[in-house]
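Values below: every heavy atom of this structure, side chains too, minus hydrogens, waters and symmetry copies.
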Amino acid sequence: MAEGKARILIVGGTGYIGRRFVRASLALAHSTYVLSRPEAIGLDIEKLQMLLSFKNAGAHLLQGSFDNHESLVAALKKVDVVICAMAGNHIRSHAILQQLKLVEAIKEAPNIKRFLPSEFGIDPDRMEDAMEPGNVTFIDKREVRRAIEAAGIPYTYISANCFAGYFAGGLAQLGRVTPPADRVCIYGDGNTKAIWVDEDDVATYTIRTVDDPRTLNKTLYIRPAANVLSQKEVVQIWEKHTGKALEKTYLSSDDFFKLMKGRSLAEQIGMTHFYHIFYEGCLCNFEIGDYGREATELYRDVQYTTVETYLKRFL
């Protein structure tokens, strides 16, 4: 591993985005550590095998548990940077407030130079007026942020907008992660801009921040210019790839709210986030101020995946 580079501990390294952080950290020559939590593994052989594959790739496995404060402190004292990737979407699980235990442990590990909490979506500080029940995600993330700041822990927050795997692949269709064959539902008039980011790019930009003083105590927004697209533009890219026009149904905001009735809590939370993104344009309706930086401007050498390229994998 390269001298002078931060030693990175990834919490939640076997998860959907966490495994990408592990790979990116190794690829960028960081000494990479993954927290192995017995309560998270249990009898999940696939998680165990993934951890062992990380070890074979050069990562170090550190034992620690959120039920054992001393074990967390001991793990933290071996690294410089902590990246938490615990799930916070209510679909897989919602463990955002578990990070408060990490905050308490970091207080006893003054060697920690930076903490990147589990966020990687919409900036929670811009969502104070979010609708119920989806607002719980942002409330919890803000609580973690305020605890980090109150403790004086150096941080970087990552706002990665829409994961391409969940949004672009299915053309933003609820309940789909692959493109529809014949028809597509368009939210509103379909012209509201969103930001679609490949998860591997999220990982690369995240790892690039850890030693960068320009992102210390700031929010890093990932806004690839070619991927600032409306839903209708994404659909048009897919139609261009396939040479086939999809039948389009336009869904008003009132009809969208009607669809939410009777859904599970997890579904309603996800749908309110869809509403804020595709009807209100919450990802693009503000300028990045002095409190933030934009990833593609800082790291121009990173060749990010465009939506056009991303969708080709489904042909």
Compare every heavy atom of A85 with every heavy atom of G12, then report the nearest pair and how far apart it is. O-CB, 3.9 Å
What distance do Y221 atom OH and Y291 atom OH have between them, rounded to the nearest 0.5 Å? 4.0 Å
Between F115 and Q99, is there a side-chain heavy-atom distance shorter than 4.5 Å? yes
Decide, yes or no, whether a salt bridge links E104 with K101 under the criterion of side-chain N to carboxylate O below 4.0 Å. no
Quick one: does any side-chain atom of D255 pair with a main-chain N or O of Y250 as donor and acceptor, under 3.5 Å? no
Please check if the side chain of Q231 supplies one atom and the backbone of C185 the other of a donor-acceptor pair under 3.5 Å. yes
Quick check against the 3.5 Å criterion: does N227 have a side-chain atom that pairs as donor or acceptor with the backbone of V197? no
Are Y33 and V73 co-members of a hydrophobic cluster defined by side-chain heavy atoms under 4.5 Å apart? no
D125 with R146: basic N within carboxylate O range, under 4.0 Å: yes
Tell me, with the steps shown, if V144 and L100 meet side-chain contact (heavy atoms from CB on, under 4.5 Å). CA-CA 6 Å; V144 173; L100 296 175; 4.2 Å; yes
Contact between N161 and S159 at the side-chain level, heavy atoms closer than 4.5 Å - yes or no? yes
Donor-acceptor check, side chain of Q173 to backbone of L171, threshold 3.5 angstrom: yes or no? yes
Is I41 reachable from I10 through a run of hydrophobic residues whose side-chain heavy atoms are each under 4.5 Å from the next? yes
About how many Å separate CD1 of I237 and OH of Y310, when rounded to the nearest 0.5 Å? 13.5 Å
Report yes if some heavy atom in the side chain of T306 is under 4.5 Å from a heavy atom in the side chain of P224; otherwise report no. no
Indicate the atoms forming the closest heavy-atom contact of K77 with A109, along with that distance. CG-CB, 4.2 Å
Relative to the ring of Y157, is the ring of Y155 parallel (under 30°), tilted (30 to 60°) or perpendicular (over 60°)? parallel
State whether the number of non-hydrogen atoms from other residues, nucleotides or ligands found under 6.0 Å of D290 atom CG is greater than 12. no
Using a 4.5 Å cut-off on heavy atoms from C-beta on, say whether the side chain of E119 contacts that of P124. yes
Contact check, side chains of L76 and I106, non-hydrogen atoms, under 4.5 Å: yes
Closer than 3.5 angstrom, by distance alone: can the side chain of R114 be matched with the main-chain N or O of T209 as a donor-acceptor pair? yes
Using the side-chain contact (heavy atoms from CB on, under 4.5 Å) rule, take L35 and L72 through it: C-alpha gap first, then chi angles, then the decisive distance, then the call. CA-CA 9 Å; L35 190 68; L72 286 180; 3.9 Å; yes
Passing candidate, ring-ring contact (aromatic ring centres under 6.0 Å, His included) with F120, options Y16, F21, F163: F21
Within a reach of under 6.0 Å around NZ of K218, are more than 12 heavy atoms found that belong to other residues, nucleotides or ligands? yes
Are more than 12 heavy atoms, taken from residues, nucleotides or ligands other than K55, located less than 6.0 Å from that residue's NZ atom? no
Which heavy atom of E280 sits nearest to which heavy atom of N285, and what is that distance? O-ND2, 3.9 Å
Mind checking the SG-CD1 spacing from C162 to I222? Nearest 0.5 Å is all I need. 12.0 Å
Heavy atoms only: give me the nearest G64-P38 pair and the separation to one decimal. O-CD, 3.6 Å
Is it possible for you to say whether F257 and I277 belong to one hydrophobic cluster, with membership spreading through side-chain heavy-atom contacts below 4.5 Å? yes
Check L265 against P133 and note the closest heavy-atom contact, atom names and distance. CD1-CB, 3.7 Å
Does I139 form a side-chain contact (heavy atoms from CB on, under 4.5 Å) with R142? I'd like the steps, not just the answer. CA-CA 5 Å; I139 291 171; R142 287 197 298 270; 3.6 Å; yes
R176 side chain to P179 main-chain N or O, any donor-acceptor pair under 3.5 Å? yes
For the atom pair CG (L97) and CD (E143), what is the distance rounded to the nearest 0.5 Å? 5.0 Å
Less than 4.0 angstrom from a charged side-chain N to a carboxylate O is my criterion; do K244 and D182 meet it? yes
For the pair S71 (side chain) and S65 (backbone), establish whether a donor and an acceptor sit closer than 3.5 Å, ignoring hydrogens and angles. yes
Roughly how far apart are I17 CD1 and E199 CD, rounded to 0.5 Å? 6.0 Å
Short side-chain to backbone donor-acceptor contact, T215 and L220, under 3.5 Å: no
T296 versus E294, side-chain donor and acceptor atoms under 3.5 Å: yes
State which residues pass salt bridge (charged side-chain N to carboxylate O under 4.0 Å, His left out) with E39; sequence neighbours excluded, sorted by chain then number. R37
Any side-chain heavy atom of L246 within less than 4.5 Å of one from E239? yes
Tell me whether the rings of H273 and F138 are parallel (<30°), tilted (30 to 60°) or perpendicular (>60°). tilted
So CG of D189 and OG of S230: to nearest 0.5 Å the spacing works out to 8.5 Å
What is the minimum heavy-atom distance between H30 and A6, and which atoms define it? ND1-O, 2.8 Å
Hydrophobic cluster membership, with links at side-chain heavy-atom distances under 4.5 Å among I/L/V/M/F/W/Y: are I288 and M127 in one? no
In terms of ring plane angle, is the pair F278 and W196 parallel, tilted or perpendicular, where the classes change at 30° and 60°? tilted
Taking side chain as C-beta onward, heavy atoms only, is D301 less than 4.5 Å from R208? yes
Between E108 and A105, is there a donor-acceptor pair closer than 3.5 Å when you use the side chain of the first and the backbone of the second? no
Check whether L216 and V81 end up in the same hydrophobic cluster, where Ile, Leu, Val, Met, Phe, Trp and Tyr are linked by side-chain heavy atoms less than 4.5 Å apart. no
Starting from the C-alpha separation in whole Å, work towards a yes-or-no answer on side-chain contact (heavy atoms from CB on, under 4.5 Å) for D80 and D211. CA-CA 10 Å; D80 305 303; D211 287 318; over 6 Å; no
Ion pair present between K193 and E233, side-chain N to carboxylate O less than 4.0 angstrom? yes
Tell me, do I122 and R126 make a side-chain contact under 4.5 Å, heavy atoms counted? no
Short side-chain to backbone donor-acceptor contact, T272 and E132, under 3.5 Å: no
Evaluate F274 against F167 for ring pair (Phe, Tyr, Trp, His ring centres under 6.0 Å), listing each step before the verdict. CA-CA 10 Å; F274 261 68; F167 289 86; 5.1 Å; yes
Heavy-atom neighbours of N56 CG exceed 12 at 6.0 Å: yes
Mind checking whether F256 and Y187 have parallel, tilted or perpendicular rings, split at 30° and 60°? perpendicular
